[in-house]
Amino acid sequence: MRSSSFISLLGLALMLRPCAAAEFKPEATSSSTIPATMNRVYVADPALPHMVDGRVYVLDASDLSLKGMLEAGFAGMMVAAPDKHRVYVATTFYERLTRGKRTDVIQVFDDQTLKVIDEIPILTRRAQALGYRSLFQRSSDGRLLFIQNATPATSVSIVDPDSKRQLEAPAPGCFGIYPALSTPLRFSTLCGDGTVGTYTITANLRSADRKVSGKLFDAGADPLFIHAEHDQDSYIFLSFKGKLLRASLEGERATAIETLDIIPADATGWAPGGYQPFAVDAKAKIAYILMHSDDKDGAHKNPSAEIWSYDIGNKRLLARSPAANLTSLTLSAVDPTVLFAINPVDQKIERLTIDATGKVSRSADIKLGETAALVEAPR
Amino acid sequence: MRSSSFISLLGLALMLRPCAAAEFKPEATSSSTIPATMNRVYVADPALPHMVDGRVYVLDASDLSLKGMLEAGFAGMMVAAPDKHRVYVATTFYERLTRGKRTDVIQVFDDQTLKVIDEIPILTRRAQALGYRSLFQRSSDGRLLFIQNATPATSVSIVDPDSKRQLEAPAPGCFGIYPALSTPLRFSTLCGDGTVGTYTITANLRSADRKVSGKLFDAGADPLFIHAEHDQDSYIFLSFKGKLLRASLEGERATAIETLDIIPADATGWAPGGYQPFAVDAKAKIAYILMHSDDKDGAHKNPSAEIWSYDIGNKRLLARSPAANLTSLTLSAVDPTVLFAINPVDQKIERLTIDATGKVSRSADIKLGETAALVEAPR
Amino acid sequence: MSDIIIDRLMAAFDRAAELAFRRSAQSIGRRSALSGIGKLLVGGALLPVLPFDRSGQAHAQGASKPDANEASCDYWRYCALDGFLCSCCGGSVSSCPPGAEPSKVTWVGTCHNPVDGKDYLVSYNDCCGKTTCGRCLCNGNVGERPGYRMGVHNDINWCMANTQSMYHCTVSVLVGVADKK
Amino acid sequence: MSDIIIDRLMAAFDRAAELAFRRSAQSIGRRSALSGIGKLLVGGALLPVLPFDRSGQAHAQGASKPDANEASCDYWRYCALDGFLCSCCGGSVSSCPPGAEPSKVTWVGTCHNPVDGKDYLVSYNDCCGKTTCGRCLCNGNVGERPGYRMGVHNDINWCMANTQSMYHCTVSVLVGVADKK
């Protein structure tokens with residue numbers, strides 16, 4: 001018997017149809033879509049207790065209500081392309097859920113229907129890592145995608161999502177991808193010897209030339225977080241001990257511009273921490289940093305006790321605001337007075353508001369996710 | 001760069017090898033296996049918040065310690081074959097985790113290594129349902145597997161795991177599989193019109209002949225749970241209102257033997273409930289039943305307040321024991337004084353001990369699982 | 001009350017099933033004819049299957065009259081709903097979240113609306129093709145029966161007849177007023 | 001203390017990486033030669049890869065000296081462990097649960113044993129090829145560094161080099177005593 005056999009019942013069932021038809025109009029069901037104009041917050045949750053089933057939650061930035069989700073599979077990575085109304089999710093599938101042939105792809109989601117509209121096969125070497133922003137990036141013109149690989153030997157896959165052409169650039173000893181802000185065919189990476197490698201790709205995706213900077217940081221004494229932000233023309237990195245390194249990644253070789261120490265003398269023991277430990281307002285040149293006290297070796301992922309607002313242009317600490325239990329922070333791309341954060345302790349996503357003095361306070365939250373680590377508000 | 005490039009470091013690293021070698025012996029890592037002699041408890045958890053990643057937990061019956069797990073995929077079903085040292089798990093995989101081509105298989109796990117040692121493709125019609133015992137069963141000789149299908153039209157797949165031959169027997173309007181206790185090529189099913197359909201299969205798996213019983217129960221006024229138990233020669237069904245139906249499923253047509261009302265006059269409002277609401281000691285002919293008070297329409301899956309011990313042979317209630325929050329119950333196949341239960345309210349698995357008077361009391365528990373629904377203790 | 005409707009539907013289901021059993025060899029390929037006329041008889045209940053161009057409308061209607069209780073398992077429509085509420089997952093009480101499609105077949109509950117005192121037939125459509133939502137798990141079982149009465153059974157994935165059969169969440173759609181006789 | 005070892009290993013890692021970059025075209029296929037001699041240099045640390053016939057022994061040893069704290073994230077060996085404890089999943093502190101295989105490559109921590117006052121090099125092998133255990137999630141980060149120091153990085157799946165690369169849980173294996181110099 002197939003379900004088609006139910007056809008024999010059709011006449012009978014019409015007879016049995018509930019009456020009171022005059023006053024009652026049966027409802028219809030349908031599928032929702034997300035308005036193009038809605039400002040979005042994406043929360044990437046690898047769902048560690050069930051890693052095969054990671055997801056990216058889509059929230060309305062105005063009230064943090066949940067609007068939908070994207071399948072992120074096993075240790076998936078996401079990057080939004082608001083200009084194209086797409087969200088890219090790089091992930092791994094196995095033939096039998098947890099075993100069998102490994103297939104790595106970039107799933108291309110429409111950001112209104114949340115359906116997969118394309119799939120780009122990639123090398124089965126992508127880093128199956130926590131979804132740090134710098135592990136999956138777009139070129140400044142949005143034409144290329146950059147994916148961090150690790151086998152554990154490291155390289156970067158450069159992918160054209162339209163032509164599906166790809167190039168693998170070896171990047172031994174280096175990790176994290178930082179696309180040049182003005183040169184679409186260029187990106188940099190942080191290396192364990194304290195240098196920065198900068199890659200310039202040929203337009204035909206045939207090869208990438210690598211140039212190494214001088215030593216820009218000390219990966220032993222004061223490592224840089226691999227999460228980075230940028231202002232309008234330079235990248236901003238943050239060290240475990242609370243130094244901001246402003247660097248230009250625009251040329252063939254990276255160069256340091258300046259180093260700023262955000263920790264005043266009266267705040268010994270405070271340090272930044274988390275998976276996405278700071279956000280930068282590119283225009284105002286203000287950094288918002290997740291800070292904890294009683295720092296020690298191994299505390300660099302600790303949840304926050306405060307958010308510090310640091311004025312990069314004027315090199316001064318603007319404000320310290322209480323903000324417990326946050327490990328990831330991002331600034332809204334459309335409203336520089338709004339931050340979004342992940343609170344993994346209470347399993348909440350929070351919305352924070354910045355006042356004119358740089359003070360930060362919570363304005364909304366939603367209970368969501370299990371082990372979320374990356375939050376983005378790109379449109 | 002591939003990981004093989006690390007070879008260049010080998011000589012150097014040997015040099016760097018930590019000293020103190022005289023007193024320190026490096027540890028080795030390895031994979032555990034489960035002793036053949038360990039008595040096992042299997043807990044099937046569909047993990048509803050992440051349904052693609054259901055699992056069957058394997059516990060040591062003696063202390064409820066977790067010994068391992070089997071991948072159960074999306075709405076998987078399990079049946080153990082202790083005589084063959086196998087556990088069968090019927091499940092569904094999709095090409096891309098949650099989308100793409102559907103593949104239904106029976107995974108054959110070794111019950112000591114917990115590895116998949118064989119896979120049997122089956123029709124993509126299996127009921128993607130909560131893992132009730134009666135939806136996936138073995139013939140009395142262990143040679144055949146029976147799988148409930150629903151599209152939603154219902155049928156049963158009969159599978160020989162050795163030859164991988166299969167037969168589909170339509171079973172419209174019927175649900176649940178009850179293999180005859182003495183005839184390996186026979187099983188029965190409960191039908192919505194109150195009859196029982198009995199199928200006799202040809203030895204070559206070419207066809208199945210179906211014979212329908214008279215009306216044995218009233219699916220409208222007092223439905224039977226689809227979980228069933230058996231004593232040494234008859235099946236025992238339980239109704240929503242607390243009647244035990246003892247039936248013979250051994251002949252070509254099912255016949256009722258007797259109906260027993262377990263609810264005494266002074267216990268109005270009490271009723272059985274849960275997903276696996278009772279267990280029967282086949283030799284002693286005692287039923288242990290999960291009972292709640294204040295019964296009403298829709299309460300048939302309610303967690304227990306008590307366990308009732310009912311003597312089927314002597315038709316009397318032996319004991320009522322407090323036992324809160326249980327929805328699934330099973331009797332150890334090796335020790336008839338031990339029950340195992342699922343407590344979904346506290347997300348625990350419990351071990352209970354039966355004393356000489358039929359009284360039941362808790363003896364151990366483990367915090368485990370999310371939405372476990374079936375517990376089995378077959379060896 | 002509604003038991004009468006359910007019983008009649010069930011009896012019809014059983015008869016159809018018996019028929020189908022006898023001629024199961026010829027029964028393939030008729031589904032398209034059935035859906036072509038805009039109705040699907042499913043698990044013993046008749047559900048309107050509306051063209052998707054009405055979907056937006058239905059959703060907008062729902063959004064304009066928000067119900068304060070629709071995120072709670074106690075909301076009256078959920079009396080036989082076993083699953084995750086789509087209203088917690090980006091959808092609404094009757095609309096699937098983005099990317100998920102309503103199930104083609106459903107189970108049916110009969111729920112009492114305390115506001116107008118009437119009993120309604122509720123179609124519980126699972127929303128299909130996206131990973132399980134995981135939020136607001138409810139487990140109502142009023143009128144629920146084991147799978148031998150499939151049309152009122154809720155321990156099964158009702159995405160089973162969809163091309164993409166992954167379960168995401170469940171909506172509650174009013175499809176009739178129950179006959180009081 | 002252990003920083004010195006780590007730094008030296010890291011410097012070596014970087015040099016090897018640079019070398020490998022220059023000759024990446026020729027570097028395929030040497031892994032078998034490496035594993036053939038019973039050692040694997042992984043992520044900058046040298047780990048003994050023992051034949052599996054010693055596995056049972058190692059496990060039995062662990063089982064005969066149960067450590068009361070090994071199911072707690074505070075147990076000293078777990079100072080840089082980010083993952084699910086295999087001792088909560090059917091394995092032990094150093095043995096994978098049934099069906100899971102130890103990872104071929106690992107990250108390394110340096111942890112202080114309060115009992116003998118020594119610092120030990122701990123290899124955190126992920127156990128691979130079964131679905132994520134989900135029990136006893138710990139997140140120790142002593143000495144942990146970002147992925148540009150891969151051998152001491154723990155936010156990545158160290159089953160990555162196994163044929164079956166699904167992550168199940170993590171064991172903590174003592175592989176050396178840290179040089180105090």
Side-chain angles (χ1 to χ4, degrees), chain B residues 47-53 74-75 92 94 97-100 102 124-130 132 134-135 148 150-155 168 170-176 189-195 197 210 212 219-221 223-227 240 275 296-302 371 373, chain C residues 3-4 6-7 10-11 13-22 24-25 27 42-44 79-80 82-84 99 104-107 109 129-135 137 139-161 163-168:
Chain B
L48 292 185
H50 293 281
M51 277 190 79
V52 292
D53 192 29
F74 179 67
T92 298
Y94 298 94
L97 186 75
T98 54
R99 61 189 170 87
R102 171 178 171 176
T124 53
R125 289 180 202 144
R126 70 173 199 89
Q128 295 174 324
L130 206 71
Y132 288 100
S134 66
L135 303 187
Q148 181 69 56
T151 66
T154 45
S155 65
E168 184 184 16
C174 308
F175 213 62
T189 180
L190 294 181
C191 303
D193 61 1
T195 64
R210 180 192 189 221
V212 182
L224 296 181
F225 290 97
I226 63 162
H227 178 76
F240 283 21
Y275 293 93
K296 58 185 175 190
D297 182 22
H300 54 285
K301 298 173 191 169
N302 278 16
T371 55
Chain C
D3 276 0
I4 295 164
I6 299 295
D7 280 357
M10 286 302 112
F13 182 100
D14 294 343
R15 254 170 286 141
E18 187 60 38
L19 263 175
F21 176 74
R22 292 198 189 122
S24 58
S27 65
V42 286
C79 79
D82 184 12
F84 299 102
K104 292 179 175 171
V105 292
T106 76
W107 81 100
K130 282 199 90 70
T131 197
T132 316
C133 163
R135 306 186 83 222
L137 182 59
N139 190 4
N141 292 296
V142 172
E144 199 269 350
R145 293 294 177 265
Y148 50 72
R149 294 226 154 159
M150 187 58 82
V152 289
H153 181 51
N154 69 13
D155 284 329
I156 196 163
N157 174 26
W158 280 97
C159 293
M160 59 184 137
T163 308
Q164 294 296 312
S165 57
M166 177 56 52
Y167 170 72
H168 184 52

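The chains referred to below are lettered A, B, ... by the order of the sequence lines, with proteins before strands, and numbering in each begins at 1. None of the values given here were measured: they were computed from a predicted structure.
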Minimum heavy-atom separation for Gly192(B) to Arg149(C), with atom names?
-> O-NH2, 3.0 Å
4.5 Å side-chain heavy-atom contact, Met160(C) and Thr151(B) | no
Can you check whether Leu224(B) reaches Tyr148(C) side chain to side chain, under 4.5 Å on heavy atoms?
-> yes
Looking at Thr131(C), Thr132(C), Asn157(C), which hits side chain to side chain contact (heavy atoms under 4.5 Å, CB included) with Met51(B)?
-> Thr132(C)
Minimum side-chain heavy-atom gap Lys301(B)-Asp155(C) below 4.5 Å = yes
Do you know which two heavy atoms are closest between Arg99(B) and Gln164(C), and how far apart they sit?
-> CA-OE1, 3.0 Å
Result for side chain to side chain contact (heavy atoms under 4.5 Å, CB included) between Pro146(C) and one of Phe175(B), Phe240(B), Tyr132(B) points to Phe240(B)
So, Ser165(C) versus Tyr94(B): side-chain donor-acceptor pair below 3.5 Å or not?
-> yes
Here the pair of heavy atoms bringing His300(B) nearest to Asn141(C) is CE1-O, 3.4 Å
Please determine, among Asn302(B), Leu190(B), Val52(B), the option with the most heavy-atom pairs under 4.5 Å with chain C.
-> Leu190(B)
Would you give the length of the straight line joining atom CG of Asp297(B) to atom SG of Cys79(C), rounded to the nearest 0.5 angstrom?
-> 8.5 Å
To the nearest 0.5 angstrom, please state how far the CG atom of Leu130(B) sits from the NE2 atom of His153(C).
-> 8.0 Å
For Ala150(B), is it the side chain, the backbone, both, or neither that has a heavy atom closer than 4.5 Å to a heavy atom of chain C?
-> both
Out of curiosity, Tyr167(C) OH to Thr98(B) OG1, how far, rounded to the nearest 0.5 Å?
-> 14.5 Å
